[in-house]
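Counting begins at 1 with the first residue of the sequence.
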Amino acid sequence: MNLFFMRLIGIIIVRIDGFDMGIVINRIRRECKVLSLNTKGDTVYAILPFYCEEKLQEIVSERSCVLEIISRKGIYFHIYKYRKRYGFAVGILASIILSFYLSNIVFSIRIVGTDDEEIVYEVREILEEEGLKAGAFIPNLNFLKLSARLFAVDDDISWVSIGNSGSVVTVNLRLVTEKAETDEGRIPCNIVATEDAQIIGINVLVGQLEILIGDAVAKGDLLVSGYVERGNGRVYYYHSIANITAIFERTVTFEQSIYERKVIDGETFYSKSLSIFDIDIPLPNLTVLDGSYITDTYTTNLRLFGIELPIGITTTEYTEQIYKLNIYSLDEAEAIVYDKLENYEENLIGDYEVIGRDVTVNKTDSSVTLTCTYTLQGDIGTESPIFAK
């Protein structure tokens with residue numbers, strides 16, 4: 001296998017004549033990589049790699065032997081003939097570089113999964129902001145991060161994946177669709193309470209009422225039953241439908257420390273290495289990192305004419321973690337807890353009507369605590385499936 005490989009790269013076949021050939025043979029074996037050697041009388045025939053020719057000439061010259069190069073074979077000697085034809089060499093090198101470059105840049109971006117021109121335009125704009133556009137160098141792109149970014153900023157997308165085939169990048173989308181009505185929505189169910197509350201209004205469309213106006217109920221109590229026994233003695237199961245209005249209390253607490261330590265993302269640095277099979281060769285990097293960082297590593301293999309090569313660029317992202325200590329006054333901390341309360345009321349109270357609100361604030365040397373007790377009014381019924389045999 002060694003001889004075959006060297007024949008392909010380049011070998012010389014030689015004949016040596018002279019005196020004291022035993023000494024010559026020993027020096028050749030010791031100082032040159034001999035692929036084949038045999039003798040015929042005082043004549044030595046040998047096969048050596050192309051790079052041993054100069055050393056061989058030195059040895060036979062010192063021993064006053066006669067060296068005859070019978071033949072030179074292999075790729076090396078074919079290329080060597082054109083060593084002074086610089087235009088030819090430059091053309092080959094330029095073609096190789098151009099082929100690699102063109103095989104690893106984005107020519108086209110396909111959006112699959114929607115025909116909505118507005119969504120396609122929006123997706124292309126987001127991708128372009130993140131660096132994915134015609135002419136982008138594919139090994140520099142992190143498709144997983146692009147997918148996550150696209151999913152995070154576009155509410156119309158429920159699933160996305162990005163990949164490439166040669167120079168064509170394909171973005172597969174799945175859009176959010178309204179839930180279709182199915183028979184599953186008619187599964188027999190009860191309606192139970194979601195809060196400890198007092199009932200003030202009842203509107204039952206389907207099911208058997210189990211409570212009365214003015215009753216106090218606990219969370220999980222049965223309000224409307226989907227299990228109905230008729231006068232004929234037979235039992236029927238229904239999908240209960242009702243609106244049960246009640247008044248209840250809910251207490252929430254928010255706390256803000258005077259000393260708050262936050263971790264924020266700082267500058268992002270990139271380190272690249274050339275990956276050949278399982279070997280990573282670091283590329284020059286002038287940035288010396290100091291401090292705390294989180295890392296994310298991904299590898300993109302190079303392609304040549306659409307064929308993925310076992311050679312790629314491994315990129316490691318270092319995102320600086322900056323530890324920041326915020327020190328608030330008591331008034332600033334109080335303003336923050338009130339902001340939290342306002343955000344809670346805007347986003348988490350839901351469809352309930354606020355009847356009353358009792359807020360208390362407790363301040364200490366290290367924190368401010370806000371406690372709010374709401375009196376709310378609204379529908380407290382929720383479906384609870386009946387799994388009947």
Side-chain angles (χ1 to χ4, degrees), residues 152 155-156 176 178-182 184-228 237-260 262 326 328-387:
D155 295 334
D156 292 325
V176 175
E178 295 183 2
K179 186 175 180 181
E181 294 186 3
T182 65
E184 293 182 1
R186 311 307 300 174
I187 292 175
C189 68
N190 298 320
I191 293 180
V192 298
T194 59
E195 305 282 347
D196 297 338
Q198 183 176 11
I199 308 301
I200 62 170
I202 297 172
N203 181 21
V204 178
L205 300 179
V206 179
Q208 181 170 301
L209 183 64
E210 299 291 334
I211 44 88
L212 299 173
I213 292 178
D215 285 353
V217 297
K219 181 178 180 179
D221 281 356
L222 178 63
L223 304 178
V224 178
S225 175
Y227 178 92
V228 180
Y237 293 91
Y238 293 91
H239 178 88
S240 298
I241 302 175
N243 183 282
I244 309 297
T245 305
I247 294 177
F248 60 94
E249 290 188 348
R250 178 182 293 176
T251 300
V252 294
T253 300
F254 302 100
E255 183 177 3
Q256 178 60 48
S257 175
I258 301 299
Y259 305 99
E260 183 179 55
K262 286 186 176 182
N326 291 331
Y328 302 105
S329 67
L330 289 175
D331 289 340
E332 289 173 333
E334 183 176 357
I336 292 173
V337 293
Y338 270 106
D339 286 341
K340 292 180 180 179
L341 180 66
E342 183 179 350
N343 183 66
Y344 172 80
E345 291 178 355
E346 289 178 355
N347 298 287
L348 298 178
I349 286 184
D351 297 329
Y352 296 121
E353 179 185 354
V354 178
I355 304 298
R357 189 178 74 160
D358 182 20
V359 179
T360 59
V361 177
N362 181 35
K363 299 181 181 179
T364 66
D365 292 339
S366 60
S367 66
V368 174
T369 303
L370 181 150
T371 302
C372 182
T373 300
Y374 290 97
T375 301
L376 303 174
Q377 176 180 312
D379 184 4
I380 63 165
T382 187
E383 296 178 0
S384 176
I386 300 172
F387 299 102

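The side-chain heavy atoms of D351 and D379, taken from C-beta on, include no pair separated by under 4.5 Å. I380 has its side chain within reach of I199: a pair of non-hydrogen atoms, C-beta onward, lies under 4.5 Å apart.
Between the OG atom of S329 and the CD1 atom of I258 there is a distance of 7.0 Å, given to the nearest 0.5 Å. The line from CD of E383 to NE2 of H239 is 4.0 Å long, rounded to the nearest 0.5 Å.
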Exercise answer: donor-acceptor pairs, residues 368-377 side-chain atoms, under 3.5 Å, sequence neighbours excluded:
unit_1 : atom_1 : unit_2 : atom_2 : d
T373   : OG1    : T251   : OG1    : 3.2
Y374   : OH     : E345   : OE2    : 2.6

Name each donor-acceptor pair under 3.5 Å that joins a side chain in residues 200-223 to protein atoms two or more places apart or in another chain, with its distance.
unit_1 : atom_1 : unit_2 : atom_2 : d
D215   : OD2    : L212   : N      : 2.8
D221   : OD2    : A218   : N      : 2.8

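Evaluation of the ring pair (Phe, Tyr, Trp, His ring centres under 6.0 Å) rule for F248 yields Y352 as partners, not counting sequence neighbours. A search for ring pair (Phe, Tyr, Trp, His ring centres under 6.0 Å) contacts involving Y227 returns Y237, not counting sequence neighbours.
Applying the salt bridge (charged side-chain N to carboxylate O under 4.0 Å, His left out) test to pairs two or more places apart or on separate chains, none has a residue in residues 368-377. A salt bridge (charged side-chain N to carboxylate O under 4.0 Å, His left out) check over residues 187-196, counting only residues at least two apart or in different chains, returns the pairs E195-R250.
Side-chain contact of T360 with D358: a donor-acceptor pair under 3.5 Å is absent, judged by distance alone.
The two residues V337 and E255 have their closest heavy-atom pair at CG1-C, 4.0 Å.
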